[in-house]
Structures are given as C-alpha cells and as structure tokens.
> 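This is the structure I want to talk about, given as structure tokens.
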Amino acid sequence: MGFVFTIEEKCRGCYACVRSCPAKAIKVKEGIAGVMDERCVTCGYCIDICAAGARQTRSEIDLVWQLLGQPSPVIALLSSSFPAAFPEIRLKQMVSALKKLRFSEVMEAAFGAELVCREYGRFVAENTAKPVLSSTCPAMVSFIEKFYPQLIDYLAPIVSPAVAMGRVVKWQYNPEAKVVFIGPCIAKKAESSDEKVGGVIDAVLTFPELSEMLAMKGIDPALEEDGEVSGPRPSLGRLWPVPGGLLKIAGISADILSSDVVVAEGIDRAIGCLREFVEGKARTKFLDIFFCRGCIDGPAIGNDLSLFERRRLIVDYALEETDAARTQSDIEKYAGIDLSREFTDRHTVLPIPDEKEIGRILSQINKLRDDDQLNCGACGYRSCRELAVAVCQGLAENEMCWPYLVDRLQGTQDELIRIEKMTSLGQMAASIAHEINNPLAGVLVYTKLLAKKLAGDTLKKEEALGHLSKMESEVSRCSRIIRHLLDFARQTEPMLRLLDINQVLEQVLSMVGHQAQLQNIEVVKEFRPSLPKVMADFDQLQQVFTNLMLNAIQAMPERGKLTLRTSAEDNKVKVEVRDTGCGIPREHLHKLGTPFFTTKERGKGVGLGVAVVYGIVERHKGEVTVQSEVGKGTTFTVCLGVHNDEEG
Ligand code: ADP
C-alpha cells in the first residue's frame, strides 16, 4: 500500500479527486477511485478534497507507539509550522505534552532550515551556469522525478530541513536516538523512506495524528507547564514555512525588478513554471518552487485558519525568544554535516492512444460530434476528449460520463417498464384466457350434446334441464369473472360522500354474517364510537370490506374468530379485519394484489379480490397493509384519511 490510499466502501464516485490530482494518479475501476502509487506524489490534494473521507494517508501512529515503547531515546522534530497548527499552544507547552507521550527530547526542525538555507545561498551563488530549482518540497521533488525527469539536473542537490535535522541528530547529536518528524506535510512520509535521503527519520506524524495520540492519552497541551526545547536553536529559520522564507533566511534577494529569483507556490503556478522551464521560456536563475502555498498551507495542518492568520502566527513565533548569536554558534557546531543528496528518475509513461481508439471511445459515450461534447467536467477530466484518452489508458471508465450514464439509465428504465408492462399484460391475458376458456369449453360441449340429442330425438326433459343448468352455472362463472375484472379495471373516480366506516362495516356484516355463522365463526366488533368520518364511495368501500371479510371467512373453514376493529389516529381512520385462519405464507405475501393470484381450488377463487381492494383504496388515497402468520391468522389493515371539514 502507498502513502495515500482509498477506503473503497466510502468512495462515492464523485470524481472530485480525479479533478484535483495534478499527477493523474487516480484510476477509476468499477466506479471506485483508487490511487496509482507509481504516479502519486503524496501532495494530499485528493485527501483534502474528498468530502466522503474515502481518501486517507497511511498513519504511522502505531509505528511511533512502537518506537516510544522501546529503550532507545526518541526525539521529536517539531516543524516550524507548528504555531499555525496549534495557535493556542506555546512551543514549550507542546514540549511537555510530547514528553508525556514518552518522547525523550523535542527539537525545532527549523534549525535544519538554518543549515539548508545557508547551503542554498552558497549553491545559488556558485552555480550560475544554469538555473537552479529548489528541492525542499518533497511533493514537488517527487513530481519532477516522476513527470519532468529532464529537470532533475536543475534540482538543487540539497536535502530538506527535516532531513538535515535528521542528519544532525543521527550523525552527530545522538546516533542512538530514533527520530520522529511532526508536521503538516504528507509527502514527508514518502520522503523519509526515499533511499536517497532515507535512514535519518524513523517515522513521520502529521499534526492531526499528533492530536490523535495526545487525545488517546488524555493529554491537553494547553494545560501543560512549560518544558525545555533541546538541541540547536533556530532564529529566522522559523520563517521557513512561509512562502519566500527560504530566500529571507538564505539572504537571497528577490528583487521585483529582476526575474532572477522567482517563488512559485501553489499547484497551478508551480506546474505552469515547470512547463515554462521545460520550454526554455524561463529566464530565472533560482526558482523556489513548492506544491502548497508554503508549508503553512500543508494538507495536514489540521485547522481552517486563513493563510494570513497562519503567516502572522509564524512571524510572531520567529520573532519570539530567538538568540541569533546562539544560532550562529550552533550552525558552526553542525557545519560539517553533509547536506547533499541525489535524485531518482522515476518517470512513468502512459500509453498514448491513437485517434482511432479515441474516436471509438467518444462514439461509445455518444460524443463523436463536436456539439455533443459538453466538456462539462463532471467526470473529473476537463474535456470529453481527455476522458476518452484516459479510458484508452485504463485510468477511467465510460460510466464516468454523467450525460452518457443518464442516457443509459433512462434507456434501461424504459426497457424495464416496457418488459414489466408486457409481462403483466401477457400474464393477465393468459390468466383471463384460461379462466374464461374452461367454462366456455364446458358450455360448448353441452351445446353440442344438446344439439346431437335433439337431432336424434333422444333428448329427455330431465337430461336437458341438467345440461342447461350446468351451462347456466358455467356462464354465470364467466359473468362473475368479467364482473370482477371490470371492478378491478374500474378507472372511474369514486363518488365521494361523508361516510361513517362503522356503518359500512355493519352493512357488509349483514350480508356476509350468515356465512360466518355457518362456519361457527365468532364475529367480534371493536368499533370506536363516534369514528371520524371519511370522504369515500360507499359502494366501493363496501366492496373492499366484503372482499376482505369473505377471504377471512374462507381462511377459517372450521370455526375461528373474525375481529373487526376501527380506530382513529394521526388524522387517519384505521380498519382492521383480523382472522384466526390459515395465514398467508411469506412467499405469497408479495403476490397479494397481483390479478388472478389465488391459492383456492377451482371454482372457489378467481384471484381478483385483493387486487380490487388495493385498487379502490389507492383511488381513495389510502393504504392497505397485511400482517400474517401461517397457522395463526391474518390481519388486513385499511387506512383512510379523515375528512376534517364536515361542512365542506
Ligand atoms: P381469491 O379469494 O379469489 O383467491 P383474492 O385476491 O381475494 O382472490 O385472494 C388471493 C389469495 O390471497 C387467496 O387465494 C389466498 O391465498 C390469499 N388470501 C387473501 N386473504 C387471505 C386471508 N385472510 N387468509 C389467508 N389467505 C388469504
């Protein structure tokens, strides 16, 4: 795993990271944006921009706990941007807090800046033959190594202040000690393991990681007494994290009238300057270049203060309690430390697709014509063409194009609706054909039989009456099916009037009650007196409760209890029809309301009763719910809105 990675479950596929990544190091696969370690420069932009918190940096907290638990002393190198990250806390308080975490000593990394800046002053003065690029920002060094290897020769071969301090400690101050750098920069994690400068910093903590460790131990630095800072002391070196800090400390003049020295901070300006450099347009002798707007803008600074506020805090800190004479003597003490470094060509090349391939992708995402290319940027690429190139390179997917995705979804949805319509229409047609065909076939048989017997003069009166009676019963069955179908398909608006549902139920009971009696079913009425009225169609509601009660009665062939309960709450009238019958198996519940779904034997069930109930209640803007347990019984609940204005 690299230093920056994606928590896949959190990635929402918004492509904000694709948009923000200056290194095109984000690869989208199956909608998840992952980081390509070989291209990532650990600038941290994608971490900052990810609102879902899906992008994170590899935490070294566990490693630091491990170091602190071992016998060797562990020295904390505190970045000089610390006052901008913890404005309420004095340096000396932080020293005490860090010592409570078991750090043996705390040093100011800014002394490294004192050493490094002097080296820059010397190097820039001595190397006038070709321009010099600063190499202090680890993200920028990584960017040049990976994407502008032709500029490696221009990079000042000087270590960063943090590495310089690491060398001070490991090579002279206390070679036994472990060194932990604490700062606002994620790229420092990668720098500490770069083989060209590695071995002197054992772990890197970001400021938020430090806060996490303090919180874990319940330490509030603001409540700490002052502790003693160790090691060599910086003075102006504390200005390092402010843009232009290097020039000020090194005493390099950036005269506005001269373009010899340029400070390029912030990603756009920095990359723009690199391009000019490559194109030979830059006339600069020294380009101080970094990804952020100074280390005070580092991605892991951990607060929302403005850059102006942070700058003020750093300047105050630089002016406080400094001792230039002591700094000078410390510089002399550590003057022998080698500050040089080398760089590695880590150039990565993506395949460049030809026009045919790009055209194929553009055509797949319906962007072949110029006026179809909206270049909306929703995919994270600046243009449809850039997206197509990225797809060819394996970095992106067609589905990242939102207009294309919306078109596709619309198409799929239309297709699904069409299939569903066709399926239910087909099912319905088949069921109707089946239901009607059987009785009609019976009628046809008896018609032919009657005709044959009449023609042969062999028809007896009783026999004829018997056949006619069977024909009548089959024709009535057809007619019943048609009537139910008409009920089901009835699209007419209900004839609304104010109704007392208790009265509707009484009316239905008077019709179906005798059937219940025949089956030894006890009917329990739990009617709420003075039930609020509802605006409804009497006939249709009567139909609803007839169907529900008949189903309940049929579910209890040999005795049981039918409870009819009415109540009112939340401006709704609720009617429960509860039986203690056979219940409905779970796998049948979702089929309720599907026309012609029946489990009853032929002649007893048509499978339209519940569908009619759903249809009518829906037209009354009400709701039907079912609860059922096999062997225990079923409750159908119908909710209808109360009519509030009885006068109206
Ligand atoms: P039908 O009564 O003609 O079968 P319905 O649409 O009224 O058609 O009911 C469909 C199916 O739902 C019934 O066949 C039965 O399986 C089930 N059902 C409906 N109400 C109940 C109930 N109260 N208890 C058990 N099963 C029920």
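Both ligands and their constituent atoms are indexed starting at 1 by order of listing. A quick note: this is a predicted structure, and the numbers were derived from the prediction, not measured.
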> What orientation do F597 and H588 show, parallel under 30°, tilted 30 to 60°, or perpendicular over 60°?
perpendicular

> Is there a side-chain contact between M471 and L450 (heavy atoms, below 4.5 Å)?
yes

> Could you check atom 26 (N) of ligand 1 against the protein and tell me its nearest heavy-atom contact, residue, atom and distance included?
I584 CG1, 3.4 Å

> Under 3.5 Å, side chain of E60 to main-chain N/O of V204, donor-acceptor pair present?
yes

> For atom 24 (N) of ligand 1, grab the closest protein heavy atom and report residue, atom and distance to one decimal in Å.
A555 CB, 3.4 Å

> Is there a polar contact, in the sense of an N or O pair closer than 3.5 Å, between Q554 and ligand 1?
no

> If you measure from each non-hydrogen atom of L608 to ligand 1, which part falls under 4.0 Å: side chain, backbone, both or neither?
backbone

> Under a 4.0 angstrom heavy-atom cut-off, which atoms of ligand 1 come close to F636?
20 (N)

> Just checking, any donor-acceptor pair under 3.5 angstrom between side chains of R19 and Y15?
no

> Side chains of Q519 and Q515: any donor to acceptor distance under 3.5 Å?
yes

> Which bit of T599 gets closer than 4.0 Å to ligand 1, counting heavy atoms only: side chain, backbone, both or neither?
both

> Should A552 be listed as contacting ligand 1, given a heavy-atom distance under 4.0 Å as the test?
yes

> T634 heavy atoms, cut-off 4.0 Å: which ligand 1 atoms fall inside?
23 (N), 24 (N)

> Identify the closest protein heavy atom to atom 12 (O) of ligand 1: which residue and atom is it, and at what distance?
L592 CD2, 3.2 Å

> Name the closest protein heavy atom to atom 7 (O) of ligand 1, giving the residue it belongs to and the distance to 0.1 Å.
N551 ND2, 2.8 Å

> Just let me know how V610 lines up against ligand 1, side chain, backbone, both or neither, with a heavy-atom cut-off below 4.0 Å.
both

> Below 4.5 Å, heavy atoms only, C-beta onward: do L395 and V28 meet side chain to side chain?
no

> Quick one: does G609 get an N or O within less than 3.5 Å of an N or O on ligand 1?
yes

> Would you indicate which of V613, D579, T594 comes nearest to atom 23 (N) of ligand 1 when only heavy atoms are counted?
D579

> Could you find the nearest protein heavy atom to atom 2 (O) of ligand 1 and give me its residue, atom name and distance?
K600 NZ, 2.6 Å

> Can you see whether W402 has K367 sitting over its ring - NZ or CZ less than 6.0 Å from the centre and within 45° of the normal?
no

> With atoms numbered from 1 as shown, which atoms in ligand 1 lie under 4.0 angstrom from a non-hydrogen atom of G607?
1 (P), 3 (O), 4 (O), 6 (O), 8 (O)

> Looking at D304, I want to see if its CG is surrounded by more than 12 non-hydrogen atoms of other residues, nucleotides or ligands under 6.0 Å.
no

> I need the nearest protein heavy-atom contact for atom 10 (C) of ligand 1: residue, atom name and distance, please.
F597 O, 3.1 Å

> Compare all side-chain heavy atoms of E576 with those of L564 and state whether any distance is below 4.5 angstrom.
no

> Can any side-chain N or O of E397 pair as donor or acceptor with the backbone N or O of G31 at less than 3.5 Å?
yes

> Where on N547 is there a heavy atom closer than 4.0 Å to ligand 1, on the side chain, on the backbone, on both, or on neither?
neither

> Does any non-hydrogen side-chain atom of E506 lie less than 4.5 Å from one of K525?
yes

> Identify, for atom 4 (O) of ligand 1, the protein heavy atom at the shortest distance, and state residue, atom and that distance.
T598 OG1, 2.6 Å

